[in-house]
Amino acid sequence: MARRRNNRPGERPGGNEPRSFSIGAHWRADGAPKTSYSTQGEALSVADEKRVEADVELKVYRCDYCSGWHLANAGGRDR
């Protein structure tokens, strides 16, 4: 029986395999895991802080994968 490989914290499943850019991907564009917020209010607060500090507009959305809240670039991802 094959051994199951346990990923280290922050390591993507599949290790060095190319990451899928599907809608359900749970990773940032730079390959790091997305930050998850437990409430919409918490995510909105962080988005507002980033808008004031760095002049970055972010939207907040509920994640179907982890049921947490994430921030996303309001303009979408540049490819």
Nearest-0.5 Å distance, CG of residue L71 to NZ of residue K50: 7.5 Å

Spacing of NZ belonging to K34 relative to SG belonging to C66, to within rounding of 0.5 Å: 8.5 Å

Over all atoms of both residues, closest heavy-atom pair of V60 and A43: CG1-CB, 3.6 Å

Approximate separation, where rounding is to 0.5 Å, of S38 OG and W69 CH2: 11.0 Å

R62 side chain vs S67 backbone, donor-acceptor pair below 3.5 Å: yes

Value rounded to 0.5 Å, distance of CG in L58 from NE2 in H70: 13.5 Å

Connected via hydrophobic side-chain network under 4.5 Å: L44 and V56: yes

